[in-house]
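Notes for the one structure printed next.
Throughout, a chain's letter reflects where its sequence line sits, starting with A, and its residues are numbered from 1.
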Amino acid sequence: MNFQNELNPQQYKVVTTIEGPVLVLAGAGSGKTRSVIYRTAYLINKKKVNPWNIFVVTFTNKAARELKDRLENTFGISAQSLWIGTFHSVCTRILRYEEKSLPFNSNFSIYDESDQKSVIKKVYTKLDIDPKKFPPGKVREIISRQKNSLILPKDFFDFNETNYFSETVYKIYKAYQDFLSVNNALDFDDLLMYTAILFHDNEKIRKKYEKKFHYVMIDEYQDTNYAQFKIINLIAKNHQNLCVVGDDDQAIYSWRGANIRNILNFEDDYKSVVKIKLEQNYRSPKSFLDAANSLIRNNTERHEKVLWTDITSPEKPELIKLENENKEAEYVAREISQLQSLGKSLNECVVLYRTNAQSRVFENAFSLQKIRYQIVGGVNFYQRKEVKDILAYLKVLVNPQDEESFLRIINVPSRGIGKMTIDKISAFKLENNSTYFDAIQKKNPHLSGKQERSITELASKLKKWKVDSENLPVTVLTKNIIEEFDFIDYYEKSKDPKDISRSENIKEFIAAIEEFSENYENDTGEQPILIDFLQQISLQTDLDNVNEDEEAVKLMTMHNAKGLEFDNVYIVGVEDGLLPHSRSVDTLHNLEEERRLLYVAITRAKKSVKLCYTRHRRYFDTVLTSLPSRFLLEIDEQYLKKEDNLEFQAPRSKTGKHPKNIVLESQKYFNIGQKIKHDKFGNGVILDVSGSGNDAKLTISFSNGKLKKIIGTFVKPV
DNA sequence: TTAAGTATGCTTTTT
DNA sequence: GCATACTTAA
């Protein structure tokens, strides 16, 4: 394999600069992934580095799998002993392995967002907290942010100011962590946080991984958060053999704690860094890049770089104005239908939108036109109710401490166990100081005859399956459970049409677990145990389930499109309020992230890109007038194509500026914990809200210490 | 006490 | 337009 011939000079430099820190600033479509693959292959094949000593972190599981496949197919490298995966999956592996040094055992459950909210709600009843004043979703976000910044409950007030709101959040955070600990459960953020803490506090273990991971590569570095930065820093700060690849112009995850500073200030942390820019794009025609460049130039938080290309094509990004979202969907469906009749593959078409809710009208339009489509994202397959129910059974068997999952299945399928019965079992559990799983195995004097019968029946089934879970293959066990309760039959016989798809999903779930088992056996030569399956799918995204062989148009959010490319790209809903999203226009930082989102979307395209916006759009039950996105004004006109009969007239206010706020009053609402500014009283935090929009009555704690009640119209979000 | 039936409130983006 | 939270019937 001749590395030099197959790479451009910059890529070659990335691949061959092995020792010391390397920062690769790689523009969209510049062969970033290719460089990472070749670099890995170069280390192994040319430099004879043991694969065991290489650590590669990718952004998605899909990217990890592709990387492994290509190493095997193109370079004949067995990826078995290579550590390639997402931060979350790699951390899970480390935490399971190091259980002796950790406060939980390796059978831990992984809680997703809805599990987290449910735990928070449980904590509220215990602490007597009003969910209206402390919305569980908001509090979950705050807790998540603490964890991503490695702030434990005990450190909470070192980093947060002390007021009524923060003190309550602190109490919730602490009780929430206690609950997880009792349940032997970790949430997504814990996976990162505990790994970082483990490396930080345990020098022996840190040294072990430092030695093991002698060469470290991180893809999509712009989207790493502090916890992730710390994990890598603890491994790589001594040997400095760290290669990070990223594009600050594609940083779109700051809301998840990603810190763009990690890439902008890389040189501060790793002094002798070799900085390499990949600016040649191999994907898009010149006009697409010119348009994207003229857009992204408006950002202030960025490394200067300009993408260029050799690809010439008369094609320009095209601006399309539609009457409403239905017309928009019809237009896209018609266009794709046409491409299809020209013999183009549906797999090369993608619809990109800002919010998942926008997908519905496209589903309708595509069904009508008989175009096969596949939605990526939205509700994850493994989060669907019927699938989660079965998963909860499996989780309980692996981790009997998992109350969350236990309570989920105690009356699924319906076996006459309601709130009162559960309360009795809870009381009995407390008396015995045991888990639910063990509590129902014993004779419970509180229960009536009928209640006791259904509980003991469940108890004996679980007991049997618990034994099975250690002996039977995971596929057999899962099928047994599904058959025992006739889940498929139940949904097939249901009158509710939605339930048909539920039975389909259960069948698909069985297929998924079979596929997992086969792959696992192929990869490792061993039978998987249940926990392997559970932990893997807990970290699976919808992107990982995309069926590449199926001929279908993909529909996804712009976030999900990162790293992908398509011939024909339809970017829809390019309107103010949607892109930039009305919730992200408050700060320059947020606005710039929205701009990057459009930048990412445009740079996915290889052959054509359409930017669609509508005049009217339906939100819930009202039709709003919408305006083209302010970003469309920033794209240099000469690089755009506009339909002749549709003169693009950007609405401008008298001052010549684009109206800042198309956010209509009906959309303007306040949340508890939100930071606001008042002309006279200055900055403050909202403690209580009643009503919405301008009429909302707000209770605000101002930073001068005053508590005031104020009407929504007088304050602005900060 | 539970299960079915009805009202309500919420939608940014995801590992 | 959907899922969750409350209300009412059995």
Looking only at side-chain N and O atoms, does N356(A) come under 4.0 Å of OP1 or OP2 in dT14(B)?
yes
How many whole angstroms separate atom CH2 of W255(A) from atom C1' of dT11(B)?
14 Å
Counting the atoms with a prime plus P, OP1 and OP2 as sugar-phosphate, which does Q540(A) contact under 4.0 Å by heavy atoms, base, sugar-phosphate, or nothing?
nothing
Between R93(A) and E98(A) (salt bridge meaning N to carboxylate O under 4.0 Å), is one present in this structure?
no
Provide, to the nearest angstrom, the distance between the CE atom belonging to M556(A) and the P atom belonging to dT14(B).
11 Å
Each nucleotide in nucleotides 2-10 of chain C should get exactly one letter: B, S or -. Can you fill that in based on protein heavy atoms under 4.0 Å?
SS-S-----
Do S118(A) and E404(A) get their side chains close enough for a donor-acceptor pair, meaning under 3.5 Å?
yes
Over all strands shown, is D189(A) touching base, sugar-phosphate only, or nothing at heavy-atom distances under 4.0 angstrom?
nothing
Within 45 degrees of the axis of the six-membered ring of F59(A) and under 6.0 Å from its centre: does K562(A) put its NZ or CZ there?
yes
Would you please say whether a donor-acceptor pair under 3.5 Å links the side chains of T92(A) and S89(A)?
no
CD of Q358(A) versus C1' of dT11(B): gap in Å, rounded?
11 Å
Ignoring backbone atoms, establish whether S89(A) has a side-chain N or O less than 4.0 Å from OP1 or OP2 of dT15(B).
no
Is the ring pair Y373(A)/F366(A) parallel, tilted or perpendicular, if the boundaries are 30 and 60 degrees?
tilted
Contacts of N411(A) and T541(A) projected onto DNA chain B by closest heavy atom; the upstream (5') one is N411(A)
Are side-chain N/O atoms of S629(A) and E575(A) paired as donor and acceptor at under 3.5 Å?
no
How close or far is atom P of dT13(B) from atom NZ of K562(A), stated in whole angstroms?
16 Å
Should Y253(A) be counted as stacked on dT14(B), where stacking needs a ring-centre gap under 5.5 Å and an angle between planes under 30 degrees?
no
Starting the side chain at C-beta, find the nucleotide from dT2(B), dT13(B), dA3(B) nearest to T421(A).
dT2(B)
Is the NZ or CZ atom of R596(A) positioned over Y599(A)'s six-membered ring, under 6.0 angstrom from the centre and within 45° of the axis?
no
L191(A) CG - dT14(B) C1' separation (whole Å):
14 Å
Nearest-angstrom distance, C1' atom, dT11(B) to dC6(C):
22 Å
Y194(A) OH - dT15(B) C1' separation (whole Å):
18 Å
Given I531(A), which of L394(A), N107(A), N399(A) fulfils the side chain to side chain contact (heavy atoms under 4.5 Å, CB included) condition?
N107(A)
Round to a whole Å and report the spacing from CG of L578(A) to C1' of dT13(B).
12 Å
At under 4.0 Å between heavy atoms, what does K419(A) touch on the DNA or RNA strands: base, sugar-phosphate, or nothing?
sugar-phosphate
Whichever of N590(A) and G418(A) has the more 5' nearest nucleotide on DNA chain B, that residue is G418(A)
For the side chain of N560(A), starting at C-beta, report the closest nucleotide among dA3(B), dT15(B), dT2(B).
dT15(B)
In whole Å, I'd like the distance from the CZ atom of F188(A) to the C1' atom of dT13(B).
15 Å
